[in-house]
Engineer: 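I am attaching a structure below and will ask some questions about it afterwards.
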Amino acid sequence: VEPAIGKAIADTILSHLAEGRYADMKKAGQLADALTEDALAVSGDKHIWIEAVNPYHVQSTYAENRPIEELRRENFHFRKVEVLPGNVGYLKFDMIHDEQEAQDIAARAMASVKDCDALVFDLRDNIGGEFESGRLIMSYVLPESTIVSRMYDRAGRLLRTNATLKQLPGAQFDPSVPVYVLTSGRTGSAAEGFAYALQQSRRATVVGQTTLGMAHPSEEVTVNSRFLMSVPIYRVESAFAEKSFQGMGVVPDISVPEQNALDAALNDSKKRIHNTVPERRPN
């Protein structure tokens, strides 16, 4: 996505090749790690990596390249949905997927917490993924057709505008319902985009630790029969802040160690629920 950085990476690798840096690397995995290290040192972009492929089994880290049966066994990475004490809805999902089945799971998860007085989205183990399930979930807490981000190519041309949905399987949450997003130093890519959109729209409070800073969507390309490479090819900007979290990460509103993030969110939600929900008195 940044042509000058792409050229700098290529020049660095060719220079290291000429110097013999890779000459003694006999295993594909060892070479892939060295190339990734060199590319990352130049670019600082964690969406760049080179991966060695077992010829008998594609070892891609991208979930989109995994068999659909494997994703189903993983429940499309939706790990937990429950109502916590205090009537707080809690959803933990560790990747974001485009498949319709994943969106159906997301819709059922949101329906199961529809009467809660606060919402917590736990993305502390979410490494990213795609877009659609995240957009669906955001659509329950943001007004319909809200533009959340814009995507540009390497020439700076606008490719796509990302907005919340006009129609939902179920009702939207009342704007007064507090929303929290839990993050860690492992939260990456599309998960960061989810957290950033809700934070910058002032719809959610981000709690935890600063995220990885992987804002450039990437595509996986085949180098040859032994190697795959992830290449950042787009630039995404927030529609609310007209900037990106690339290289900086999403900085939490409430900064606490990741293991304390849920408790911090619940403590904050108690104060906000008390101020927004009428006291229920016995008849």
Engineer: Does any part of the side chain of Glu219, heavy atoms only, come nearer than 4.5 Å to the side chain of Val231, both counted from C-beta?
Structural biologist: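 Side-chain contact under 4.5 Å: no.
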Engineer: Rounded to the nearest 0.5 Å, what separation is found between the OH atom of Tyr140 and the NZ atom of Lys114?
Structural biologist: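 That separation rounds to 11.5 Å.
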Engineer: Do Phe78 and His97 come close enough that some side-chain heavy atom pair is under 4.5 Å?
Structural biologist: no
Engineer: Would you verify whether the NZ or CZ of Arg160 falls within 45 degrees of the ring axis of Tyr234 while also being under 6.0 Å from that six-membered ring's centre?
Structural biologist: no
Engineer: Could you check Leu142 against Leu198 for side chain to side chain contact (heavy atoms under 4.5 Å, CB included), going step by step and ending with a plain yes or no?
Structural biologist: CA-CA 8 Å; Leu142 290 173; Leu198 292 183; 3.9 Å; yes
Engineer: So, does Gln199 use its side chain to make a donor-acceptor pair with the main chain of Val251 at under 3.5 Å?
Structural biologist: yes
Engineer: Taking atom types as modelled, is there a side-chain donor on Thr211 or Glu192 under 3.5 Å from an acceptor on the other?
Structural biologist: yes
Engineer: Output, in order, the C-alpha distance, side-chain angles, deciding distance and verdict of side chain to side chain contact (heavy atoms under 4.5 Å, CB included) for Glu101 and Ile68.
Structural biologist: CA-CA 10 Å; Glu101 289 178 63; Ile68 191 70; 4.2 Å; yes
Engineer: Which pair of heavy atoms, one from Leu165 and one from Ser139, lies closest together, and at what distance?
Structural biologist: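 Leu165 and Ser139 have their closest heavy atoms at N-OG, 2.9 Å.
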Engineer: Atom NE2 of His77 and atom CD1 of Ile105: how far apart are they, to the nearest 0.5 Å?
Structural biologist: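 It comes to 11.0 Å.
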Engineer: Could you give the distance from OG (Ser244) to CE (Met214), rounded to the nearest 0.5 Å?
Structural biologist: 12.0 Å
Engineer: With the threshold set at 4.0 Å, does a side-chain nitrogen-carboxylate oxygen contact exist between Glu2 and Lys7?
Structural biologist: no
Engineer: With side chain to side chain contact (heavy atoms under 4.5 Å, CB included) as the test, would you mind laying out the steps for Thr146 and Ser201 before giving the verdict?
Structural biologist: CA-CA 10 Å; Thr146 298; Ser201 65; 5.9 Å; no
Engineer: Check whether Val83 and Phe121 end up in the same hydrophobic cluster, where Ile, Leu, Val, Met, Phe, Trp and Tyr are linked by side-chain heavy atoms less than 4.5 Å apart.
Structural biologist: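 Yes; tracing contacts between hydrophobic side chains, which count when under 4.5 Å, links both residues.
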Engineer: Please answer whether the main-chain N or O of Ala32 pairs with a side-chain N or O of Thr36 as donor and acceptor at a distance below 3.5 Å.
Structural biologist: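 Checking the backbone N and O of Ala32 against the side chain of Thr36, a donor-acceptor pair under 3.5 Å is found.
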Engineer: Drop me the distance from Glu99's CD to Leu71's CG, to the nearest 0.5 angstrom.
Structural biologist: 5.5 Å
Engineer: Asn126 side chain to Thr187 main-chain N or O, any donor-acceptor pair under 3.5 Å?
Structural biologist: no
Engineer: Main chain of Arg186, side chain of Asp125: is a donor-acceptor contact present, judged purely on distance under 3.5 Å?
Structural biologist: no
Engineer: Looking only at heavy atoms, what is the nearest atom pair of Asp45 and His216, with distance?
Structural biologist: OD2-ND1, 3.0 Å
Engineer: Going only through I, L, V, M, F, W and Y residues with side-chain contacts under 4.5 Å, is there a path from Ile5 to Ile13?
Structural biologist: yes
Engineer: Check for a donor-acceptor pair, side chain of Tyr180 on one end and backbone N or O of Ser269 on the other, with a separation under 3.5 Å.
Structural biologist: yes
Engineer: Any sub-3.5 Å donor-acceptor pair from Glu130's side-chain atoms to Asp98's backbone N or O?
Structural biologist: yes
Engineer: Out of curiosity, Ile50 CD1 to Leu228 CG, how far, rounded to the nearest 0.5 Å?
Structural biologist: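 Ile50 CD1 to Leu228 CG: 10.5 Å, rounded to 0.5 Å.
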Engineer: Without swapping roles, check the side chain of Gln246 against the backbone of Ala215 for a donor-acceptor pair under 3.5 Å.
Structural biologist: yes
Engineer: Any idea which heavy atoms bring Val53 and Phe227 closest together, and the distance?
Structural biologist: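 Closest approach of Val53 to Phe227: CG2-C, 4.2 Å.
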Engineer: Val181 and Ile137: same hydrophobic cluster, using ILVMFWY side-chain contacts below 4.5 Å?
Structural biologist: yes
Engineer: In the structure I gave you, are the side-chain heavy atoms of Val141 and Val177 within less than 4.5 Å of one another anywhere?
Structural biologist: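 Side chain of Val141 against side chain of Val177, heavy atoms only: no contact under 4.5 Å found.
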Engineer: Which atom pair, heavy atoms only, marks the closest approach of Gly86 to Asp117?
Structural biologist: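 Scanning both residues completely, I find the closest heavy atoms to be O-OD2, 4.4 Å.
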Engineer: Taking only Lys NZ, Arg NE, NH1 and NH2, and the carboxylate oxygens of Asp or Glu, determine whether Arg21 and Asp38 approach each other closer than 4.0 Å.
Structural biologist: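 Between Asp38 and Arg21 there is a salt bridge, with a charged N closer than 4.0 Å to a carboxylate O.
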Engineer: Closest approach of His47 and Ser189, non-hydrogen atoms and distance?
Structural biologist: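 That closest heavy-atom pairing would be NE2-OG, 2.9 Å.
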Engineer: Where do Glu144 and Leu168 land on the side chain to side chain contact (heavy atoms under 4.5 Å, CB included) test, with the steps shown first?
Structural biologist: CA-CA 9 Å; Glu144 67 176 49; Leu168 282 174; over 6 Å; no
Engineer: Supply the atom-to-atom distance Lys46 NZ to Leu40 CG, rounded to the nearest 0.5 angstrom.
Structural biologist: 6.5 Å
Engineer: Are the side chain of Ser133 and the backbone of Ile96 linked by a donor-acceptor contact shorter than 3.5 Å?
Structural biologist: no
Engineer: Contact between Val250 and Thr183 at the side-chain level, heavy atoms closer than 4.5 Å - yes or no?
Structural biologist: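 Result no, sub-4.5 Å side-chain heavy-atom pair not found.
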Engineer: Between Met95 and Glu74, is any pair of side-chain heavy atoms under 4.5 Å apart?
Structural biologist: no
Engineer: Kindly indicate whether the side chain of Leu119, heavy atoms from C-beta on, has any atom under 4.5 Å from the side chain of Met110.
Structural biologist: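 In short, these two side chains touch, coming nearer than 4.5 Å.
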Engineer: Find out if a path of hydrophobic residues (ILVMFWY) with successive side-chain heavy-atom gaps under 4.5 Å connects Met138 to Phe173.
Structural biologist: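 In one cluster with Met138: Phe173, yes.
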Engineer: More than 12 heavy atoms of other residues, nucleotides or ligands under 6.0 Å from CG of Asp174: yes or no?
Structural biologist: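 Yes, enclosed.
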Engineer: Going hydrophobic residue to hydrophobic residue with side-chain gaps under 4.5 angstrom, can you get from Phe194 over to Phe240?
Structural biologist: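 Linked within one cluster.
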Engineer: Can you confirm whether Asn267 sits close enough to Lys270 that some side-chain heavy atom of one is under 4.5 Å from a side-chain heavy atom of the other?
Structural biologist: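 A side-chain contact exists here, since the closest heavy-atom pair is under 4.5 Å.
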Engineer: State, yes or no, whether a side-chain contact exists between His16 and Thr12 at a heavy-atom distance under 4.5 Å.
Structural biologist: yes
Engineer: Taking all heavy atoms of Ser238 and all of Gln200, pick out the closest pair and write down the distance.
Structural biologist: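 Shortest heavy-atom contact: OG-CB, 3.9 Å.
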